[in-house]
S.K.: 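What follows is a single structure, and I will ask about it in a moment.
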Amino acid sequence: NLQEEHNMAAILASLLVATLSGGPNIEYIVTRDEVRLHTVWSTPELGNKTKKFTTVMDRSPYGSVGTELTADLFLPFGFATVTQDFRGTKLSGGKFNLWRSSHNDTEDTIHWIKAQPWSNGEVYIMGASADGIAALVMAADKPIPEIKKQWIIWATAAPYEDVYPGGAYRNALITGWLEHYIPDGKDYVNTVHEHESPLDPWWNSVTPNWDNIQAPGVFWAGWNDIFLNGDLAAFNGFYHKSRSSVRNNSWIVVDPLGHCQDAAKYYRPHTFDGRNTIAVELGIAHFLGDLEKNPPKVPQNVKRVTFYVMGSDEFGSSGNWWTTLDDFPTPKYTDFYLHSNHQLLNLPQYKESSLSFDFDPVHPVPTVGGSNLEIPCGPKDQQEVEKRDDVLTFTSAKLVTPLAVTGSLTVTLFVSSANVNDTDWTVKLTDVYPNGESHLIQDGIVRMRWRNRKAQPEPIEPGVVEKVEVSLWATSYVFSPGHSVRVSVSSSNFPRFSVNPNTGLPLTNPSTETIIAKNSLHMSLNYESKLTLPVVQLSQIPKAKII
């Protein structure tokens, strides 16, 4: 099976390391608070006692036969490697604390590395997923000067927004991951539930401070990734907000997938199962120093920003190619208004109107695809859930010419609830094919008690119309002629997001009470409910030959 194949590959890789290098060697590094961290290190030349090497380090909760092995890719390039289990995971001591010790544990490990006879004192950090989060979290505290470069893959620099997008708990991802990978994971779920507020200072210790960034990075993201929002935030922070000495000196590749390998079947053109080699080539070139040479030696001559422009999975689709640019394009933000006749039009509705539905928390809208990890992911067809009485759809006319969008997606809603003090509003953006299929592009949510991002929850008043903005993160997509743009609105998307019981109670409250909310969406000149798309010209995202 797949796990057995993974274990065999790990064993073979370990044998290769042992054969071609000085390692692997096991060390238990003792931290400043007396925790023993299981650490594996190797040097690239067996028996060489005098040469000193730069170290590539990866810290992980997945163990030495998991993502930590990726650091060993750099042994043949002349680097020493150090891989380490997070505290409280696998063979390390202590208790996992949701990345809060990442900075100090990394700093203590680097002090150990510097003291080794094979170390030249410089450290490059790499990490994918949870490992990458550990790398980014280090910027929440004081800089570690020994860190000279970073390669971050599918990780977040926006922890609150990725755990509580729009204030709603990301149930399947967070609960699923903690209970699957972390000992006593249910306890950590309870801890996360205690920190719903976007202004809770608890989040500060895992949120990067861009003034602390002193080393350039290469980033690998994915449009369907669980951490797309945070990966784009990380690149933006490194590229535009970091110290002047490293500003404008990072790189990013955004493929269609990220963690969502299951979506590969939708993006066959110009990819290898939804991927390409450039993200790996850039990471290697970064660590080898090729990107800093004069002139730079850049793989495939790509520019700072490289991404896949998605489209439908049909023959003759207007999308599905790679582009490479100096920065993300500047779009023309264009509004499409929701009308009570379920149309999506260029002008707002003149006459005041509303559409209503009952949201029963006992019967939530089931999740079908999206940016998920522990449940099915990707641009799945939404037709079945769109038939529900508690889902409102708004569809444009069929397009005559391609419609290209690249950038942030936002939906503005004017909403009210007749009988509750809290509820959720969910939104999906889909591409409607000529055959009626409605494929998900992105989705989002807002939990009304956190709609204004205040320190304390704010109940809604029954019957009062509120304006809310729902972030659908970002995309790069071309709608083909003959297709339509659709927005669907509801109040649940479970298990992707936790179900709001409509009671206003915090997640920590064990009550099982629910209320059926009578929710209304308003549309008029005064209540301009709308989709805002980042429209670009095709000339702004030119096709590039990238493998």
Side-chain angles (χ1 to χ4, degrees), residues 61 88-89 95-100 159-206 226 357-367 370 372-375 388 390 415 417-426 443-462 466 468 470 490-519:
T89 69
K95 191 171 177 63
F96 181 65
N97 57 8
L98 295 164
W99 290 273
R100 275 158 176 72
Y160 177 82
E161 289 79 3
D162 279 349
V163 175
Y164 286 104
Y169 179 61
R170 212 160 160 200
N171 178 74
L173 173 62
I174 307 305
T175 297
W177 187 85
L178 286 170
E179 294 184 354
H180 187 177
Y181 292 105
I182 302 300
D184 302 318
K186 289 184 179 179
D187 294 339
Y188 295 104
V189 172
N190 294 333
T191 299
V192 174
H193 283 179
E194 294 170 357
H195 301 283
E196 284 187 72
S197 170
L199 298 184
D200 189 328
W202 186 81
W203 295 98
N204 295 344
S205 63
V206 290
I226 54 174
F357 60 88
D358 289 348
F359 161 42
D360 184 354
V362 177
H363 301 288
V365 176
T367 298
N372 304 315
L373 180 65
E374 299 293 324
I375 57 177
R388 291 173 55 115
D390 57 354
V415 296
S417 299
N419 63 323
V420 296
N421 64 3
D422 186 36
T423 194
D424 286 354
W425 288 91
T426 61
D443 63 26
I445 189 170
V446 63
R447 184 150 291 176
M448 290 301 286
R449 66 178 182 265
W450 299 114
R451 64 195 180 280
N452 295 320
R453 295 183 58 85
K454 297 290 183 64
Q456 298 297 323
E458 296 178 283
I460 56 176
E461 293 185 36
E466 298 270 4
V468 295
V470 184
S490 190
S491 290
S492 56
N493 183 356
F494 178 79
R496 176 162 160 73
F497 304 109
S498 65
V499 178
N500 193 329
N502 301 324
T503 60
L505 296 174
L507 290 171
T508 52
N509 191 300
S511 172
T512 57
E513 177 192 4
T514 63
I515 302 173
I516 298 176
K518 297 184 179 300
N519 291 342

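Any value given below was found using the heavy atoms of this structure, including those in side chains, with hydrogens, waters and symmetry copies removed.
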S.K.: Starting at CD1 of Ile460, measure out to CE of Met448 and round the result to the nearest 0.5 Å.
M.R.: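 Atom-to-atom, Ile460:CD1 and Met448:CE are 5.0 Å apart.
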S.K.: With a 4.5 Å cut-off on side-chain heavy atoms, are Asn493 and Val365 touching?
M.R.: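 Side-chain contact under 4.5 Å: no.
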S.K.: Apply the test side chain to side chain contact (heavy atoms under 4.5 Å, CB included) to residues Val415 and Asn519: give CA-CA distance (whole Å), side-chain angles for both, the deciding distance (0.1 Å), then the verdict.
M.R.: CA-CA 7 Å; Val415 296; Asn519 291 342; over 6 Å; no
S.K.: Go through the structure and list residues passing ring-ring contact (aromatic ring centres under 6.0 Å, His included) with Tyr160, not counting sequence neighbours.
M.R.: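 Scan of Tyr160 (ring-ring contact (aromatic ring centres under 6.0 Å, His included), adjacent residues dropped) gives Tyr164, Trp203.
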S.K.: Who passes side chain to side chain donor-acceptor pair (under 3.5 Å) against Thr426, sequence neighbours left out?
M.R.: none
S.K.: Taking only residues two or more places apart in sequence or in another chain, which ones pass side chain to side chain donor-acceptor pair (under 3.5 Å) with Asn419?
M.R.: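 Counting only residues at least two positions away or on another chain, Asn419 forms no side chain to side chain donor-acceptor pair (under 3.5 Å).
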S.K.: Tell me the salt bridge (Lys or Arg N to Asp or Glu O under 4.0 Å) pairs involving residues 493-503, sequence neighbours left out?
M.R.: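 Found Asp443-Arg496.
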S.K.: What distance do Ser417 atom OG and Phe359 atom CZ have between them, rounded to the nearest 0.5 Å?
M.R.: 10.0 Å
S.K.: Determine the minimum heavy-atom distance between Pro462 and Ala418, stating which atoms define it.
M.R.: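 That would be CB-O, 3.3 Å.
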S.K.: Not counting sequence neighbours, which residues clear salt bridge (Lys or Arg N to Asp or Glu O under 4.0 Å) with Arg388? List them please.
M.R.: Asp390
S.K.: Is the shortest side-chain heavy-atom distance between Pro361 and Phe494 below 4.5 Å?
M.R.: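 No, too far: nothing below the 4.5 Å cut-off.
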S.K.: Could you go through residues 498-509 and list every donor-acceptor pair under 3.5 Å that involves a side-chain atom there, pairing it with any protein atom two or more places apart or in another chain?
M.R.:
residue	atom	partner	partner atom	Å
Ser498	OG	Arg447	NH1	3.1
Ser498	OG	Arg447	NH2	3.2
Asn500	OD1	Asn502	N	2.8
Asn500	ND2	Asp422	OD2	3.0
Asn500	ND2	Thr423	O	3.4
Asn500	ND2	Asp424	OD1	2.8
Asn502	OD1	Thr423	OG1	2.9
Asn502	ND2	Ile515	O	2.8
Thr503	OG1	Leu505	N	3.4
Asn509	OD1	Ser511	N	2.9

S.K.: Assert yes or no for the condition that the ring centre distance of Phe497 to Trp425 is strictly below 6.0 Å.
M.R.: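 Ring centroids of Phe497 and Trp425 are no less than 6.0 Å from each other.
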S.K.: Which residues pass the salt bridge (Lys or Arg N to Asp or Glu O under 4.0 Å) test with Asp358, not counting sequence neighbours?
M.R.: Lys518
S.K.: Determine the minimum heavy-atom distance between Val470 and Ile445, stating which atoms define it.
M.R.: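 That closest heavy-atom pairing would be CG1-N, 3.4 Å.
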S.K.: List the residues meeting side chain to side chain donor-acceptor pair (under 3.5 Å) with Trp450, not counting sequence neighbours, and say none if there are none.
M.R.: Glu196
S.K.: Without placing hydrogens or testing angles, list every side-chain donor-acceptor pair under 3.5 Å for residues 171-184, not counting sequence neighbours.
M.R.:
residue	atom	partner	partner atom	Å
Asn171	ND2	Pro495	O	3.4
Thr175	OG1	Tyr169	OH	2.7
Thr175	OG1	Asn171	O	3.4
Trp177	NE1	Tyr62	OH	2.9

S.K.: Locate the shortest heavy-atom distance separating Ala455 from Ser197; write the atom from each residue and the value.
M.R.: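 Residues Ala455 and Ser197, closest heavy atoms: O-OG, 2.8 Å.
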S.K.: Tell me whether Ile516 at atom CD1 has more than 12 heavy atoms from other residues, nucleotides or ligands lying less than 6.0 Å away.
M.R.: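 Counting neighbours around CD1 of Ile516, 12 or fewer heavy atoms of other residues, nucleotides or ligands fall under 6.0 Å, so no.
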S.K.: Could you note down all residue pairs passing salt bridge (Lys or Arg N to Asp or Glu O under 4.0 Å) where residues 450-461 supplies at least one of them, sequence neighbours left out?
M.R.: Glu161-Arg453, Arg451-Glu466, Lys454-Glu458
S.K.: With sequence neighbours left out, what residues match Arg170 under side chain to side chain donor-acceptor pair (under 3.5 Å)?
M.R.: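 Testing Arg170 for side chain to side chain donor-acceptor pair (under 3.5 Å), a comparison that skips the adjacent residues, returns none.
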S.K.: Does a sphere of radius 6.0 Å around NZ in Lys186 hold more than 12 heavy atoms from other residues, nucleotides or ligands, not counting ones at 6.0 Å or beyond?
M.R.: no
